[in-house]
Q: 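Mind having a look at this structure? Questions to follow.
Since this is a predicted model, take the numbers as computed values, not measurements.
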Amino acid sequence: MYIEKFIIKNFRGIKDISLTFNKGLNVLIGENNAGKTAIIDALRICLSYGNQRREIYVSQSDFHQNKNVISDCEANIEFHFHFHIDIPEEAGWFNDLLSVQEDGVMDLQLHFRFYLDENERVKYKVWGGTNEGQAISPEVLFLIYHVHLDALRDAEQYLRPVRGNRLGQLYSNIQIDTEHDTDQEKKREIAKKVRSAVDNDAEWIGHVEKGKEKINEHLKETSFTNKQQQVDISFLPFDFNKLVDNLKIQMPLYSDELLDGDLTKQKYFELYQNGLGYNNLIYTATVLGDLKQRKESQKETYAALLIEEPEAHLHPQLQNLFFNYLNKLDIEHGFQIFISSHSPTITAKANLKSVIVLQNLSDRIHALSLKKSGLTDDNHKYLQKFLDVTKSQIFFSNGVILVEGISEALLLPIFSRIVGVEYDIDKAGVELVNLNGVAFSHFANLFNNDDDVKNLKTRCSLITDDDTAEENDEITSRAKIATELAKKNLKVFLAERTFEFELFIAGNKDILLAIYTEMHPVSAGRIVADVDIKIHGANFVAKVISNKAKSELAHRLAVKLSTDEVARNAFIVPTYIEKAIKYAVKGE
């Protein structure tokens with residue numbers, strides 16, 4: 001089984017949200033303060049409910065507070081799980097959670113409600129199935145298990161040889177192959193053998209006795225005659241779990257080939273001598289080993305892995321390798337994985353259908369599962385191939401501008417600052433995406449569905465050319481297709497002909513001619529001037545195109561406007577570009 005739907009109400013910054021999850025990998029992405037940690041913590045609170053050692057609880061500060069209204073927290077926190085049943089046996093194993101609809105469809109439901117009593121203490125109710133009050137046995141809750149790796153995980157701390165460390169948990173859960181004895185009996189036998197091996201060493205026994213005598217010597221002097229105290233010292237208890245808690249991880253320095261079988265020459269690095277990134281991988285590998293072992297030994301268990309920022313301390317190539325492995329895990333071992341991330345590297349490598357985009361709009365958290373978005377199968381296939389680390393940043397942005405070439409991509413950031421400080425797209429968190437073509441429709445379906453539930457909440461400006469011939473006022477077919485995409489959160493802004501033509505006729509003739517003359521003086525001298533600015537502009541653009549100088553011209557213009565204040569103050573941004581920037585930034 002797996003969590004198919006998770007509803008959160010009135011928890012921290014989340015007022016009301018419904019999340020659709022996949023069976024295997026789920027990647028929660030979004031800007032800071034978009035609710036990623038709150039969702040992970042909500043999962044932790046609920047999935048650890050049947051665990052005796054819980055790490056997180058609901059507190060009074062977790063109740064949602066409207067930032068626009070000064071009031072007490074009145075609304076209850078609610079968490080509602082809907083588990084999909086994969087095999088019929090799960091309906092029996094988790095019978096306390098079973099819900100049967102009128103049409104006979106079954107699922108498993110788990111519900112939590114937290115509220116404040118008259119003394120402001122947190123109280124809660126938990127029930128299974130459809131009807132509130134349906135009790136859940138501890139045995140059923142024990143079958144729901146998760147492991148959490150937080151964003152600030154300290155691998156060295158978590159792997160120290162102390163009680164309950166992750167390495168010890170792994171060895172405690174590993175099943176020992178045995179023909180006659182039970183697993184626990186065999187582990188007790190192993191612990192006895194280890195202790196016996198130590199306790200039968202004469203030198204060790206003598207050393208322990210010396211220490212025991214010194215302690216008892218002082219106890220004798222500090223105890224009443226009729227209440228004499230003394231101690232005994234032993235190396236290990238018979239408890240297998242305490243034995244494995246004392247294991248520690250080290251990294252061998254020399255390879256087996258170099259040692260040539262002589263292990264006495266081996267030396268080791270301690271964890272504190274290792275880099276943070278690789279220590280994180282070692283810790284994560286230990287946790288995954290434990291999770292896999294538990295799932296294999298208890299097939300009826302629901303197991304989840306929660307990882308915050310798996311990219312922590314990993315360079316991009318290692319992020320890629322690690323994430324590819326996580327993709328394999330959900331297929332091979334049957335546990336559900338939830339990842340929260342800020343990494344465009346991970347987003348670019350993720351299957352888009354596993355991605356859930358979280359957005360904070362006017363202090364309201366919204367979630368869009370790209371599996372449930374307006375993207376068609378063709379859109380998914382195209383974007384899966386096309387999205388790289390840069391373009392995947394659209395999912396973290398406050399707005400998007402789509403352009404068809406490098407010239408627009410180079411110049412729009414400086415143009416936005418010329419339009420006005422408040423329209424600086426970098427400061428506004430607006431992502432500029434160069435499509436290197438006109439495949440706008442694949443992106444458009446993220447913004448322009450009639451059903452707003454299927455859209456990203458950010459605004460998108462689409463900038464393209466209509467390439468109108470001088471004698472033809474009808475826009476070309478590609479521009480016509482682009483204009484038909486304009487709906488909901490997507491607006492289309494057309495150049496009269498081309499980007500360079502618009503720059504020229506907007507009143508920037510002199511600076512463009514000067515830059516082009518520096519680049520191609522002979523070609524620039526052959527540009528036929530005309531009193532009609534449009535004819536002059538067309539002649540200019542023809543020369544730029546014939547010399548394949550569009551990108552170089554844009555680059556030099558961007559440098560000029562960035563470094564020359566006089567030129568920047570005199571420059572006029574074409575109207576259609578200005579409108580596109582203003583819409584993406586402020587919706588104007």
Q: Can Asn449 and Asn455 be said to form a side-chain hydrogen bond (donor to acceptor under 3.5 Å, both in side chains), step by step?
A: CA-CA 6 Å; Asn449 295 278; Asn455 291 327; 2.8 Å; yes

Q: Ignoring hydrogens and angles, tell me if any N or O in the side chain of His342 forms a donor-acceptor pair with the backbone of Ile29 under 3.5 Å.
A: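 Such a contact is absent between His342 side chain and Ile29 backbone.
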
Q: Restricting to side-chain hydrogen bond (donor to acceptor under 3.5 Å, both in side chains), what partner residues turn up for Thr376, sequence neighbours left out?
A: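 For Thr376 the side-chain hydrogen bond (donor to acceptor under 3.5 Å, both in side chains) partners, ignoring immediate neighbours, are Asn379.
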
Q: My understanding is that only residues two or more places apart in sequence, or in another chain, count here; which of them pass salt bridge (charged side-chain N to carboxylate O under 4.0 Å, His left out) with Lys353?
A: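 With neighbours one apart ignored, the set is Asp377.
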
Q: So Ser61 and Ser59, side-chain hydrogen bond (donor to acceptor under 3.5 Å, both in side chains) or not? Walk me through it.
A: CA-CA 5 Å; Ser61 62; Ser59 65; 3.0 Å; yes

Q: Mind jotting down which residue pairs meet the salt bridge (Lys or Arg N to Asp or Glu O under 4.0 Å) criterion with at least one end in residues 7-19? Sequence neighbours excluded, please.
A: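 Of all non-adjacent pairs touching residues 7-19, those that pass salt bridge (Lys or Arg N to Asp or Glu O under 4.0 Å) are Arg12-Asp41, Arg12-Asp62.
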
Q: Does either side chain, that of Gln359 or that of Glu31, offer a donor lying less than 3.5 Å from an acceptor on the other one?
A: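 There is no such pair (donor and acceptor under 3.5 Å, judged by atom type) between the side chains of Gln359 and Glu31.
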
Q: Pairs in or reaching into residues 107-117: which pass salt bridge (Lys or Arg N to Asp or Glu O under 4.0 Å), with residues at least two apart or in two chains?
A: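 Qualifying pairs, neighbours excluded: Glu78-Arg113, Arg113-Glu132, Asp117-Arg121.
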
Q: Sequence neighbours excluded, which residues qualify as side-chain hydrogen bond (donor to acceptor under 3.5 Å, both in side chains) partners of Gln134?
A: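 Result, side-chain hydrogen bond (donor to acceptor under 3.5 Å, both in side chains) vs Gln134: none returned.
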
Q: To the nearest 0.5 Å, what is the distance between CG on Leu43 and CZ on Phe79?
A: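 Interatomic distance, Leu43 CG to Phe79 CZ, rounded to 0.5 Å: 9.0 Å.
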
Q: Got a sec, which residues hit ring pair (Phe, Tyr, Trp, His ring centres under 6.0 Å) with Tyr583, two or more places apart in sequence or on another chain?
A: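 For Tyr583 there are no ring pair (Phe, Tyr, Trp, His ring centres under 6.0 Å) partners, ignoring immediate neighbours.
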
Q: Looking at side-chain heavy atoms only, is the closest gap between Ile45 and Phe112 below 4.5 Å?
A: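 In short, these two side chains do not touch, never coming nearer than 4.5 Å.
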
Q: Write out all pairs satisfying side chain to side chain donor-acceptor pair (under 3.5 Å) with one or both partners inside residues 90-99, taking only residues at least two apart or from two chains.
A: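 Output for this query lists Asp96-Ser137, Ser99-Gln101, Ser99-Gln109, Ser99-Thr130.
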
Q: Tell me whether Ser397 contacts the main-chain N or O of Val400 through its side chain, where contact means a donor paired with an acceptor under 3.5 Å.
A: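 Flag not set: sc Ser397 to bb Val400 has no pair under 3.5 Å.
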
Q: Using the test side chain to side chain contact (heavy atoms under 4.5 Å, CB included), find all partners of Glu118 that sit at least two apart in sequence or belong to another chain.
A: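 With neighbours one apart ignored, the set is empty.
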
Q: Using the side-chain hydrogen bond (donor to acceptor under 3.5 Å, both in side chains) criterion, which residues pair with Lys582? Sequence neighbours excluded.
A: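 Counting only residues at least two positions away or on another chain, Lys582 forms a side-chain hydrogen bond (donor to acceptor under 3.5 Å, both in side chains) with Glu578.
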
Q: By ring pair (Phe, Tyr, Trp, His ring centres under 6.0 Å), which residues pair with Phe142, not counting sequence neighbours?
A: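 Checked Phe142 against ring pair (Phe, Tyr, Trp, His ring centres under 6.0 Å); zero matches.
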
Q: List in chain and number order the residues that pass side-chain hydrogen bond (donor to acceptor under 3.5 Å, both in side chains) with Ser340, two or more places apart in sequence or in another chain; answer none if no residue qualifies.
A: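 By the side-chain hydrogen bond (donor to acceptor under 3.5 Å, both in side chains) rule, Ser340 matches no residue at all.
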
Q: Between Thr347 (side chain only) and Ser392 (backbone N and O only), is there a donor and an acceptor less than 3.5 Å apart?
A: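 Answer holds: no.
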
Q: Checking Val453 now: which residues fulfil side chain to side chain contact (heavy atoms under 4.5 Å, CB included) with it, not counting sequence neighbours?
A: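 Listed in chain order: Asp451.
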
